[in-house]
Structure formats: C-alpha cells, structure tokens
2 protein chains.
Amino acid sequence: MKRSKRKQEIYVSSARLFRKKGYAATSVRDIAELVGLEPSSLYSHIKSKEEILVNICNDCAELFAEGMDLIQKEEKTNIEKLDNLVDLHIDIAYHNPSSVTVFNDEWRHLPKEELSQFLSRRKAYEDDFKKILKSGMDEGSFVHMSLTTTFNIIINSVKWLHFFAKKLDKSAFEAKREEIKSFIRRGIYT
Amino acid sequence: MKRSKRKQEIYVSSARLFRKKGYAATSVRDIAELVGLEPSSLYSHIKSKEEILVNICNDCAELFAEGMDLIQKEEKTNIEKLDNLVDLHIDIAYHNPSSVTVFNDEWRHLPKEELSQFLSRRKAYEDDFKKILKSGMDEGSFVHMSLTTTFNIIINSVKWLHFFAKKLDKSAFEAKREEIKSFIRRGIYT
DNA sequence: CCTACCGATCGGTAGG
DNA sequence: CCTACCGATCGGTAGG
C-alpha cells in the first residue's frame, strides 16, 4: 500500500498550510493552489479534506510509536531510555516540523472514529512513557513526583523547539538540544 | 469604557467555543446558540466575529502585562521575581482557562493590524522576562544558558496545566503547582 | 432583539 | 487532470 508521489506531495503541502493557518481555515482551494492543480483535481488523489488530516496525524503517531518500541526493546538503563525519548521527540520535530505541529494542534478536527483511535493511541504512548518514568523513580534514579506532572513537563519542555527548526543551523540546533536535555536532567535526576 | 453584561457574556461563551473547536471552526451561529440569541442579534453587541477574538486576546495580554509590571516594580531578588512570574502564569491560566487557550493558540487568526500589535506586545513581555533571567544569571543565581531556551522551557513547563484546571480540586492543583516549581528550581537555580 | 435575506465561499461531484 | 457546477454554510446587513 505505497503512496503515490502526487499524493505525498498533497500531504506535505497540506501539512504546511495546516501548520500556518490551521486545518479549519485552510480550504481545499488553498491546497490545490500550492500543489499546482485545480481544486477538483485533488479528488483524483484523495477522497476528502479530512482524509489528509487523518494521514498526517497517523504518520506522525507512527513515528512516535516506532521510536517507543525501539527504546522499550533495548537493554538500557531508565536514564538512557529517558534520554533517548527526549531525543526521539526532538528528532521527529526537527525532521517533520509541519506534521508535528498538525499532530500537536489540529488532531481535534479528526472525524469521530479516527479521533478516538488517535486518543487511545496517544494514551498508550503516554502510559509507556510513564512506565519508564515510574521504573526510574522506583529504583531511585529519578526524583519522585506525579507521573502526569513529570510527563507533561518533559514533553512540553521540548515542544517549542520545532518552531526554531528552520531558523537555526544544525550546530545551533544541537546546542539547544543539549541545553534542554541538561535542564531536564537537573530537574529529574536524583 | 465599561463593557455591558451581555457583551461580556458573549466574550465568555465565545472563548469557550474557540477553546473547544478553534476560532475558524466556530460559527457566529454556534456563539449565538450558546448565548441564547438569534445570530443576527449578536450584532447589536459586537461588530464582527474578529472583534470577539481581539478582545479575548487583549484582555489576556493585559493580565500578563499587569502582572509583569507589578513584579518589576517590587524590590525583590531575581529568584523571587522568577518565582512570582511562574505563579503569574499558573494563576492566570487557572482563573481563565478558556481565554488563555485562545490567547495561546488562536492569536494567529487576529486581523492584520491587531496581529502585529499583539506580537510586539508579546515580544515586549518576553524581553522583560528575559531581563530578569539575565540578571539572575549574571549575579550567579541562575544557571547560565541561552535566554531563549530558558524562557521557552519555563513557560512551556507551565502551559499544559490549565487543561487540568477543571479536573483537579484546589489542593490537587496546588500540589501540581509546587511540583512544577520544584522542577524549574532544580533546572535553573545554581 | 427578531424576521428575512444576501453575496461569498465552502467541500465536493459529474462528466469528459 | 480540467470545466462546469451544486447544495450547504459562512459572516453579516436591512428594516422594524
């Protein structure tokens, strides 16, 4: 079930527009113009505007799920696992700034069925993340505090960085990555 | 220039809808229904949908600006000032969860002129915040790191809390406040 | 504050 | 992939 080049083009352009204007304020005419087609021609490749959003959100969810799977499988300390999770968030956001913004901010416009799938998938990811935090707290590597608070502080400490992905060169970006990771380490390591 | 009760009602209802569905996806018919008027009757109190957004965003900006003014005037250490700033963000979000969400996420839908005012005001706030951070770093109270990184980590560590404002009772909320503040302290104090 | 209504734009389809 | 087009909904106005 590979995706045609044209279809991928439509998704990429749409993600950029959804990021900039939001899903609801982006018209299929906006998308068609950016791709270089007549509005109606889009419908040879997609079946609805909602389908675009669904695919952007699912692709992004897939990246997080795959990253989590890998980290869970590895034989590493909880400190290393958390370090890898922070890198996972930073890397995904760096390489897919538009999709990540849509994933973060536009998922509420998903149609009902896909919305509930999305939410339960996100919940599963959060639970896996918290399991690592809990394990690190229990063994005394991490400061004891509410898992929900810890989880939210960590992911939100990272969430703003993708807005700088295009403004910063690679080395400036890496410097910020290290600053964030140091901050989190000081905040959570015992 | 006081605001009529009806007008305030419209702003409050609109903020709730903008928070839940986003500005673009909220119709004036949605607002009218929640307020209990016919759509056209709204226009006796407001002159456009955009005007509502402008007022919500400006009211919220005002709360932050007033808080910053107060903190700047006080004779306090930088450590105390930062502590007060974190409380300012948490308190505003706790008491105005809808407006804060609109302020955070929907400002990009502001009309051109109000948008540029909004951005320059936000920039001024950020600069004031950074001035306190820089002063604390220079005197050796705070860990030395990029002001932009420090600022963004701090405000984003707090930004998720208003989603819990209605689910948590006061004491549970205060517990989370302290956890966040401890985390920030460990991350930034020398 | 309501009834009645308007032009513009929306997502999407028919047919080639 | 395009031309032509559609019903629904949008923000907003006229007039009382």
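Letters A, B, ... mirror the listed sequences (proteins, then strands); counts begin at 1. Below, all heavy atoms of this structure are taken into account, side chains as well, without hydrogens, waters or symmetry copies.
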Inset, instruction - Side chain of B:Y43 only, please: which of D:dG12, D:dC1, C:dC1 is the nearest? - result: D:dG12
Legend entry - Given D:dG11, C:dG11, C:dC2, the nucleotide with the shortest approach to the side chain of A:S27: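 My answer, after comparing the listed nucleotides, is C:dG11.
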Inset, instruction - Give the cluster check for B:L119 versus A:F163: same hydrophobic cluster or not, with ILVMFWY residues linked at side-chain heavy-atom distances below 4.5 Å. - result: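 In one cluster: yes.
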Given atom [atom1] of [X] and atom [atom2] of [N], what is their separation to the nearest angstrom?
X     : N      : atom1 : atom2 : value
B:R29 : D:dT9  : CZ    : P     : 10 Å
B:K49 : C:dT9  : NZ    : C1'   : 13 Å
B:E50 : D:dG11 : CD    : P     : 11 Å
B:E33 : D:dC10 : CD    : P     : 11 Å
A:E38 : D:dC2  : CD    : P     : 5 Å
A:I31 : C:dG12 : CD1   : C1'   : 13 Å
A:L42 : C:dC10 : CG    : P     : 13 Å
A:K21 : C:dT9  : NZ    : C1'   : 12 Å

Under 4.0 Å between a side-chain N or O of [X] and OP1 or OP2 of [N]?
X     : N      : answer
B:S40 : D:dG12 : no
B:S44 : C:dC1  : no
A:R6  : D:dC1  : yes

Counting distance only, does the side-chain N/O of [X] pair as donor-acceptor with the main-chain N or O of [Y] below 3.5 Å?
X      : Y      : answer
B:E178 : B:A175 : no
A:E114 : A:L110 : no
B:K49  : B:Y23  : yes

Legend entry - Aromatic contact, A:F129 with A:F64 (centres under 6.0 Å): no
Legend entry - Complement of D:dG15, any strand, by Watson-Crick or G-U distances under 3.5 angstrom: C:dC2
